Asks: 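Handing you a structure now.
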Amino acid sequence: MKLHDVLTLTQPTRIVGNEDIEINDICIDSRQAKPSALFVAICGTQSDGHDFIEKATDNGATAIACQRLPQETKAGVTYILFDDTTDAVGKIATQFYGNPTKRLKLVGVTGTNGKTTIATLLYKIFRAMGHKCGLCSTVCNYIEETPYPTEQTTPDPITLNKLLGKMADEGCEYAFMECSSHAIQQKRIGGLKFAGAIFTNLTRDHLDYHKTFENYRDAKKAFFDALDSNAFAIINTDDKNGMFMVQNCRAQVKTYSQTHIADFHARILEMDFSGMMLDIDSHEVHVPLVGKFNVSNLLAIYATAVMLGKDPIDALTAISAQHSVSGRFETIRSKNNVTAIVDYAHTPDALENVLNAIHEVLCGKGEIITLCGCGGNRDKGKRPQMAAIAAKMSDKVIITSDNPRFEEPQDIINDMLVGISSDQTNRVISITDRRDAIKTAALMAKPGDVILIAGKGHEDYQIVKGVKHHFDDKEEISRAFGL
């Protein structure tokens, strides 16, 4: 593609050099620069791409998008100046990869909890209804049945557009994507056209990055502010931030709720650990998920299917046939009737939601043993909150390690233990080694008890001193159960 065509969606402030050169690749990592590549210098949180412009041109890049010219420009290289390259890179990538969201319908899901469940089940349901689909999620990216491993909830804009472009090229009609607050603020989704957007809920998370709850909330709201009038926005009004998200939103707004009058409504009729019988808009449907928080997730899924033109009965039939998402309230039963639940809950609200769901099913007919930790080099403020919720809502608690990264595991555990009151200490123990903690929980449990292993869910690793080590909660509890 010619450089001037690559820049079609952008507004450079100045161009130094030839716009008629051929561009064969785009990148934001100078190490990936190739001959005839366009390198975009991003002012990132960890490093400044402007420091690597020379490296990119040494590797063959013939065009540089930047906010300031290097001290020495190189002959034969075109420099494109922007006020903000972070804003420009998504638009550049969208154009380079054939504007994929004009060729398929993209639905984004944002909120603190529920993103993975909603996006993944939408992908599965629409495939079950006969459509070619793509998925971009925390667990894995998919184009139809082909997996593409992921490192981030929402990839960088070049990786994302390349993936979406491949989806469109392979005939996908729909794509469903998690949109993290980091991705929205860093404009990784810039240039994309969304057919619809879903808001799940908003509770404390990622304050290590956003600094304040208001900044975190406003990052989510920016997603809805950017929707055009042809899109739809589906909002959970059981969350107090729901309607705030769609102030000034140009899209068609629809609401869902379990407790208020809304466009889409549901209530629980029956529930056990195998699933729930629900009334969704006066239709009874059995679903293989558990808990009020999952009722909200399913309502969002149902509402999205309807807004995308699906018959309500067809949508509910497809929903009823699905299974839970990996690491989201995933149950494993021992030979002596102990139930283990592996869940990704790693925020105070998510942990409370899962524990509430367990209480709703258990009805006091067994004890709850909760095993949880907190990630290193992340928001420290939530650590005592997580421990306090676990202690308040469980009969026994084991505080343990969970991706300590570059922190000492015991330091993280000590931060969590601050949230334990004096009258709760006799029900709380700490075991630094997560494998030993899971074994201990299995030994403590009696028939009829429930073990909640929270925090890692689908993850199959622990990060210690920056090194990934294989570790899978589901494997560990299965081994502890002797399965």
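All residue numbers refer to positions in the sequence shown, counting from 1. Here the structure is a predicted model, which means the values were calculated and not measured.
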Asks: Without swapping roles, check the side chain of D239 against the backbone of L202 for a donor-acceptor pair under 3.5 Å.
Replies: yes
Asks: Specify the closest pair of heavy atoms between C179 and G108, including all atoms of both residues, with the distance to one decimal.
Replies: SG-CA, 3.9 Å
Asks: Do you see a donor-acceptor pair shorter than 3.5 Å between the side chains of N356 and N353?
Replies: no
Asks: Let me see the working for Y256 and I234 under side-chain contact (heavy atoms from CB on, under 4.5 Å), right down to the final yes or no.
Replies: CA-CA 7 Å; Y256 65 95; I234 295 173; 3.5 Å; yes
Asks: Indicate the atoms forming the closest heavy-atom contact of Y461 with N403, along with that distance.
Replies: O-OD1, 3.5 Å
Asks: With distance as the sole test, does N236 use its side chain to make a donor-acceptor pair with the main-chain N or O of T200 at under 3.5 Å?
Replies: yes
Asks: Is any NZ, NE, NH1 or NH2 atom of the basic residue among K292 and D238 found under 4.0 Å from an Asp or Glu carboxylate oxygen of the other?
Replies: no
Asks: Salt-bridged, K474 to D472, with N to O below 4.0 Å?
Replies: no
Asks: For C249 versus A233, what's the shortest heavy-atom pair and its separation?
Replies: SG-CB, 4.3 Å
Asks: Taking all non-hydrogen atoms of both residues, which atom of T347 and which atom of N113 are closest, and how far apart?
Replies: OG1-OD1, 3.4 Å
Asks: My understanding is that only residues two or more places apart in sequence, or in another chain, count here; which of them pass side chain to side chain donor-acceptor pair (under 3.5 Å) with E144?
Replies: R127
Asks: Before giving the answer on side-chain contact (heavy atoms from CB on, under 4.5 Å), spell out for L289 and N297 the whole-Å C-alpha distance, their side-chain angles and the decisive distance to 0.1 Å.
Replies: CA-CA 10 Å; L289 302 176; N297 292 338; 5.7 Å; no
Asks: So, the side chain of T110 versus the backbone of K220: is there a donor-acceptor pair under 3.5 Å, distance only?
Replies: no
Asks: Spell out, as yes or no, whether a donor-acceptor pair under 3.5 Å connects the side chain of T255 to the backbone of D263.
Replies: yes
Asks: For K468 versus I463, what's the shortest heavy-atom pair and its separation?
Replies: CG-CG1, 4.0 Å
Asks: Rounded at 0.5 Å granularity, tell me how far CG in L452 sits from CD1 in I358.
Replies: 4.5 Å
Asks: Determine all donor-acceptor pairs shorter than 3.5 Å in which one atom belongs to a side chain in residues 308-315; sequence neighbours excluded.
Replies:
residue: K310; atom: NZ; partner: H131; partner atom: NE2; Å: 2.5
residue: D311; atom: OD2; partner: I313; partner atom: N; Å: 3.0
residue: D311; atom: OD2; partner: D314; partner atom: N; Å: 3.2

Asks: Side chains of R333 and N337: do they bring a donor and an acceptor to under 3.5 Å?
Replies: yes
Asks: Would you say D156's side chain and T159's backbone share a donor-acceptor pair under 3.5 angstrom?
Replies: yes
Asks: Quick check against the 3.5 Å criterion: does R434 have a side-chain atom that pairs as donor or acceptor with the backbone of S401?
Replies: yes
Asks: Could you label the plane-to-plane angle of the F293 and F329 rings as parallel, tilted or perpendicular, counting under 30° as parallel and over 60° as perpendicular?
Replies: tilted
Asks: Between K221 and Q247, is there a donor-acceptor pair closer than 3.5 Å when you use the side chain of the first and the backbone of the second?
Replies: yes
Asks: Determine whether a donor-acceptor pair (N or O, by modelled atom type, separation under 3.5 Å) exists between the side chain of T117 and the backbone of G114.
Replies: no
Asks: For the residue pair T116 and E178, confirm or rule out a side-chain donor-acceptor distance under 3.5 Å.
Replies: yes
Asks: Keeping the roles fixed (side chain from T8, backbone from D5), state whether a donor-acceptor pair exists under 3.5 Å.
Replies: yes
Asks: Return yes if some donor-acceptor pair links the side-chain N/O of H470 with the main-chain N/O of D460 below 3.5 Å, else return no.
Replies: yes
Asks: On a heavy-atom basis, which atom in M276 and which in I268 lie closest, and how many Å separate them?
Replies: SD-CD1, 4.0 Å
Asks: Could you tell me whether F126 and F176 have their ring centroids closer than 6.0 angstrom?
Replies: yes
